[in-house]
Participant: 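Following this message is one structure expressed as structure tokens.
Worth knowing before you read on, the calculation uses all heavy atoms, side chains too, and leaves out hydrogens, waters and symmetry mates.
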Amino acid sequence: MPDIPLAMVAALCLAALAAGWIDAVVGGGGLLLLPVLLLGLPAGTPAAYALGTNKAVAIVGTTGAAVTYARKAPVDVRTAIRIGLAALAGSSGGAFFAAGMSTDVLKPLIMVVLLAVAAFVILKPAFGTAPAPGPVTRRRVLAAIGLAGLGIGFYDGLIGPGTGTFLVLALTAVLHLDLVTASATAKIVNCCTNAGALVTFAWQGTVLWQLAALMAVFNLAGGTLGAHTALKKGSGFVRIVLLTVVFALVANLAYEQWVA
């Protein structure tokens with residue numbers, strides 16, 4: 001592990017705790033954790049080490065949140081795993097194309113989509129407050145595999161930020177889940193995509209395992225606490241956090257596009 005001041009290690013652990021909570025409630029924890037890692041690692045450290053360490057930390061918190069949700073929320077684990085495997089394939093494809101594609105063109109489009117989503121959620125207060133009656137049809141499951149799995153998985157490999165939030169929105173819209181159940185399902189899907197990415201980073205040797213292990217303890221605590229909070233507070237609370245994360249994601253993408 002590189003020589004990192006104790007105060008910075010403490011800051012990284014606190015960021016991992018907060019990111020775990022945010023990610024468990026509505027996704028988007030990487031918006032906090034990855035920038036903090038990029039700032040916290042010594043100058044000159046390749047960005048790949050921040051990306052790899054981020055995945056090693058995130059998969060622990062995501063798994064903890066997924067287990068907590070699966071125990072208490074009405075999650076269709078079989079469907080979630082099917083979407084997750086499709087997302088794994090999609091993210092691999094996105095990563096393949098990432099090197100040859102300029103994200104400068106895609107980021108403004110994503111910001112417009114996010115703002116449209118925020119407007120929709122604000123204007124439709126009932127969105128995600130209750131599941132649709134009756135079983136989910138096979139056609140909707142296939143649509144979720146295509147959109148939330150292959151589509152958002154491809155985005156995760158290509159760009160990445162906000163993948164968890166996009167998953168929650170897609171699962172709510174396509175499968176007619178309430179926001180709490182959509183968050184729970186998204187965590188299982190995230191476990192699949194994080195596992196695939198972590199294998200790649202580990203093979204490349206770009207994971208700081210000692211730092212990741214320490215931060216993962218805090219991320220696990222944050223993820224478990226976030227899942228309990230979402231289950232206790234319900235869809236209305238998740239909706240507020242969702243809007244907050246969407247606007248934060250727009251601000252982050254705008255900063256990367258026009259300021260950084």
Side-chain angles (χ1 to χ4, degrees), residues 22-30 55 58-98 110 113-114 117 120-121 127-128 130-132 134-200 223 226-227 230-231 235 238 242 245-246 249:
I22 293 170
D23 204 54
V25 174
V26 76
K55 285 298 181 185
I59 194 172
V60 176
T62 300
T63 302
V67 170
T68 302
Y69 274 125
R71 288 175 176 173
K72 298 185 178 181
V75 183
D76 186 340
V77 176
R78 183 169 175 267
T79 297
I81 292 176
R82 289 166 68 188
I83 297 171
L85 292 175
L88 179 58
S91 64
S92 300
F96 178 79
F97 284 101
I110 294 166
V113 172
L114 281 169
V117 165
F120 176 81
V121 174
F127 178 74
V136 178
T137 64
R138 183 172 181 270
R139 181 176 295 179
R140 288 193 175 276
V141 172
L142 290 175
I145 291 173
L147 176 61
L150 291 173
I152 296 177
F154 184 86
Y155 167 80
D156 190 24
L158 188 67
I159 301 178
T163 295
T165 304
F166 279 125
L167 281 173
V168 171
L169 291 167
L171 292 169
T172 302
V174 177
L175 297 182
H176 288 174
L177 303 177
D178 62 84
L179 287 171
V180 172
T181 306
S183 293
T185 306
K187 291 308 101 191
I188 297 175
V189 176
N190 272 163
C191 285
C192 296
T193 56
N194 284 342
L198 180 58
V199 168
T200 301
L231 289 166
S235 294
V238 175
L242 172 64
V245 171
V246 165
L249 179 55

Participant: If every non-hydrogen atom of Ala184 is compared with every non-hydrogen atom of Val75, which pair is closest and at what distance?
Facilitator: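 Closest approach of Ala184 to Val75: CB-CG2, 3.4 Å.
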Participant: For Ala65 and Ala227, work out which heavy atoms get closest and say how close.
Facilitator: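 Reported closest heavy-atom pair: O-CB, 4.0 Å.
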Participant: For a quick test of reading the model, state the closest non-hydrogen atom pair linking Ala86 to Ile145 and the distance between them.
Facilitator: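 In this case the closest contact between Ala86 and Ile145 is CB-CG2, 3.6 Å.
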Participant: So which of Thr193, Asn194, Val199, Thr62 actually passes side chain to side chain contact (heavy atoms under 4.5 Å, CB included) with Lys55?
Facilitator: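 In the set Thr193, Asn194, Val199, Thr62, the residue that makes a side chain to side chain contact (heavy atoms under 4.5 Å, CB included) with Lys55 is Asn194.
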Participant: Using atom types as modelled and distance alone, determine if a side-chain donor or acceptor of Tyr69 lies under 3.5 Å from a backbone N or O of Ala24.
Facilitator: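 Looks like yes, one N/O pair under 3.5 Å.
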Participant: Exactly one of Thr68, Asp23, Thr63 should register a side-chain hydrogen bond (donor to acceptor under 3.5 Å, both in side chains) with Lys187. Which one does?
Facilitator: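 The side-chain hydrogen bond (donor to acceptor under 3.5 Å, both in side chains) with Lys187 is passed solely by Asp23 among Thr68, Asp23, Thr63.
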Participant: Would you check if Leu242 and Leu169 make a side-chain contact, meaning some heavy-atom pair closer than 4.5 Å?
Facilitator: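 Touching, per the 4.5 Å side-chain cut-off.
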Participant: Look up atom CG in Leu177 and atom CZ in Arg140, then write down how far apart they are to the nearest 0.5 Å.
Facilitator: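 Here the rounded value is 10.0 Å.
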Participant: Got Asp76 and Leu175 here, is their nearest side-chain heavy-atom distance under 4.5 Å?
Facilitator: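 A side-chain contact under 4.5 Å is absent here.
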Participant: Identify the heavy atoms of Leu171 and Ala148 that sit nearest to each other, and give their distance.
Facilitator: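 Closest pair (atom of Leu171, atom of Ala148, distance): CD2-CB, 4.1 Å.
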Participant: Can you tell me how far OG of Ser183 sits from CD1 of Ile188, rounded to the nearest 0.5 angstrom?
Facilitator: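 One gets 12.0 Å once the value is rounded to the nearest 0.5 Å.
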Participant: Rounded to the nearest 0.5 Å, what separates atom CD1 in Ile83 from atom CG in Leu88?
Facilitator: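 The distance works out to 14.0 Å.
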Participant: If you look at every heavy atom in Val189 and Ala80, which pair is closest and at what distance?
Facilitator: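 The answer is CG2-O, 3.6 Å.
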Participant: Between Ala170 and Leu147, which heavy-atom pair has the shortest distance, and what is it?
Facilitator: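 Closest approach of Ala170 to Leu147: CB-CD2, 4.1 Å.
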Participant: State, with a plain yes or no, whether a side-chain heavy atom of Thr79 is found less than 4.5 Å away from one of Thr185.
Facilitator: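 A side-chain contact under 4.5 Å is absent here.
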